[in-house]
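Just so you know, these numbers come straight off a predicted model, no measurement behind them. To find a chain, count down the sequence lines: A is the first, B the second, and so on, and within it residues start at 1.
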Number of protein chains: 2
Amino acid sequence: MPKNLSEQLLHELGSSIVQGKRQPGELLPKVETLSEMKGVSRTVVREAMKGLSARRLIESSTRTGTVVRPREAWLWWDPDIISWAAAAEENQSFLMQLTEVRLAMEPAAVKLAAKNADEEDIAAIRHRYDLLEQSVNSEDEWVAADAAFHEAILHASHNELMQSLIQTLQEGLYQSRHTTMRILQRAGDSSRRMALDLHRDVMTAVIEGKEDEARMRMETLLHTVSRLLKEYEAEVKKEAPK
Amino acid sequence: MPKNLSEQLLHELGSSIVQGKRQPGELLPKVETLSEMKGVSRTVVREAMKGLSARRLIESSTRTGTVVRPREAWLWWDPDIISWAAAAEENQSFLMQLTEVRLAMEPAAVKLAAKNADEEDIAAIRHRYDLLEQSVNSEDEWVAADAAFHEAILHASHNELMQSLIQTLQEGLYQSRHTTMRILQRAGDSSRRMALDLHRDVMTAVIEGKEDEARMRMETLLHTVSRLLKEYEAEVKKEAPK
DNA sequence: AATTATTTGTCCGTATGTATG
DNA sequence: CCATACATACGGACAAATAAT
């Protein structure tokens, strides 16, 4: 998947750090040694190192060598770091943290959308909602239509920073949720129909420019989905206990 | 300031892109040319490029060369990108967006703190508040004490992701605000005394575990400070109109 | 469809800078 | 002050990919 050798090595080293296989404070092998270990040139190793230090996972200094930086220095909002952390064995706590941020940001974004949406935005949102309505009977189409709807709302906030943030956030959640998503889909059309109503409520408030209304309805939507998720998780656990 | 040549070049190229001097879609000079232009080796150029592509500011492919990626692909939550954007000429819109995110995140973090703070956290928060109280008469000490107080609250949220996010956020705002800060400080002890009360209210709610109370009080605090800022900005503008 | 030109990607020998012992 | 060990920097060579001819 990675395009070139240095990206490959970057992912290998990066995930080993984020997943705790290399602890903060630990000294990495010197460039020459790594080059031999991985069978690549020093150039490739050095370029991978640049990727790691751009994410503040490591710090290099002459003579001392290259050490893994403490967790609080890491740039957690890098999509790769999030992806590596979400792919870790023990990721429950991390996913909860991601969810907490989402619960804070999405309603705020919708509130902004209600304030800032122009005619073009509203047309786009309406269109996405129609597509959502049409795909209420299809498991596969629903997921894509749902994402597109949220993206249209997000775009209407006219805040690039929030868009970027929520996007990386969603990707992180998505990666570790595709199994759970399947579970939710199994719930069938009825829960999707319920979700559809909640989506329409959000849309209406945005179109009418009712900021706080829009924010609260998004909160309701998120909490409902989260409750559904928990219920079905519990149910599955009951059916197949380990 | 930058430690080595490649970081120097990275900052030069990175800020020129973020500040719009090199537009999305534009083709960068090839490695060899850049190497000659800047008087550094190709190795240095290549390593700087790695830094830019880690931040998704550029994309390279063989034969085609290296192009500046569209703004929506950029990793906006990289501290360097934020710093470059905050240092731009036309940064009003960017600062507003940063502020909007802050207004969403800080109250959410305080709410979490009210939920999750343990004895240790509470002791730390109390301590920071005492320092804040003691520095109400000193312009210089206040800024540092205020930051420390917010950091202690943030730490009590027990959410590394939020901490990281708000920290980079604050650094971005701080960089472009140090002039405005001076203005606010000029307001004298009275406004600081008012702010102190608001801080105490937040602290109390956190200690008592009143989540929504804590969130709302932080919202009040932020809005009050923002209002004070605007008032003094307007006043200064009146005194010295351009 | 085959060839060529151009640019990134990769390798490596070598030299320099810097902090440690 | 010298020796050592590491990152940093330089540049020539070749490989791989792809747009243009």
Ala145(B): partners by side chain to side chain contact (heavy atoms under 4.5 Å, CB included), with sequence neighbours left out: Leu132(B), Ser135(B)

For Leu161(B), enumerate each residue passing the side chain to side chain contact (heavy atoms under 4.5 Å, CB included) test, keeping only those at least two apart in sequence or located in another chain.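 By the side chain to side chain contact (heavy atoms under 4.5 Å, CB included) rule, Leu161(B) matches Trp76(A), Trp77(A), Phe94(A), Gln97(A), Leu98(A), Val101(A), Asn159(B).
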
Can you name the residues that form a side-chain hydrogen bond (donor to acceptor under 3.5 Å, both in side chains) with [X], not counting sequence neighbours?
X	value
Arg46(A)	Glu47(B)
Arg22(B)	Ser16(B)
Thr33(B)	none

The complete set of ring-ring contact (aromatic ring centres under 6.0 Å, His included) pairs with one or both residues in residues 7-51 of chain B, sequence neighbours excluded, reads His11(B)-Trp84(B)

Hey, could you give me each pair passing ring-ring contact (aromatic ring centres under 6.0 Å, His included) that has a residue in residues 21-58 of chain B? Not counting sequence neighbours.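 Every pair satisfying ring-ring contact (aromatic ring centres under 6.0 Å, His included) with a residue in residues 21-58 of chain B: there are none.
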
Classify Thr64(A) by what it touches in the nucleic acid, base, sugar-phosphate, or nothing, heavy-atom distance under 4.0 Å.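 Nothing, no nucleic acid heavy atom in range.
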
Using a 3.5 Å cut-off and no angle test, enumerate the donor-acceptor pairs between side-chain atoms of residues 34-42 of chain B and protein atoms at least two apart in sequence or in another chain.
from     : atom 1 : to       : atom 2 : distance (Å)
Ser35(B) : OG     : Val40(B) : O      : 2.6
Lys38(B) : NZ     : Glu12(B) : OE2    : 2.5
Ser41(B) : OG     : Thr43(B) : N      : 3.4
Ser41(B) : OG     : Val44(B) : N      : 3.4

Is there a residue in residues 26-33 of chain B whose heavy atoms reach under 4.0 Å of DNA chain C, and which residues are they? Lys30(B), Val31(B)

Identify the pairs formed between an N or O of the protein and an N or O of nucleotides 9-16 of chain D at a distance under 3.5 Å, and give each distance.
from    : atom 1 : to       : atom 2 : distance (Å)
dA9(D)  : OP1    : Leu5(B)  : N      : 2.6
dC10(D) : OP2    : Ser41(B) : N      : 2.8
dC10(D) : OP2    : Ser41(B) : OG     : 2.7
dG12(D) : N7     : Arg42(B) : NH2    : 2.3
dG12(D) : O6     : Arg42(B) : NH2    : 3.2
dA13(D) : N6     : Arg42(B) : NH1    : 3.3

Under 4.0 Å from a heavy atom of chain A: give me the 5'-most and 3'-most nucleotides of DNA chain C that qualify. dG9(C) to dT20(C)

Can you tell me which residue pairs pass the side chain to side chain donor-acceptor pair (under 3.5 Å) test with a partner in residues 115-126 of chain A, sequence neighbours excluded? Asp121(A)-His158(A)

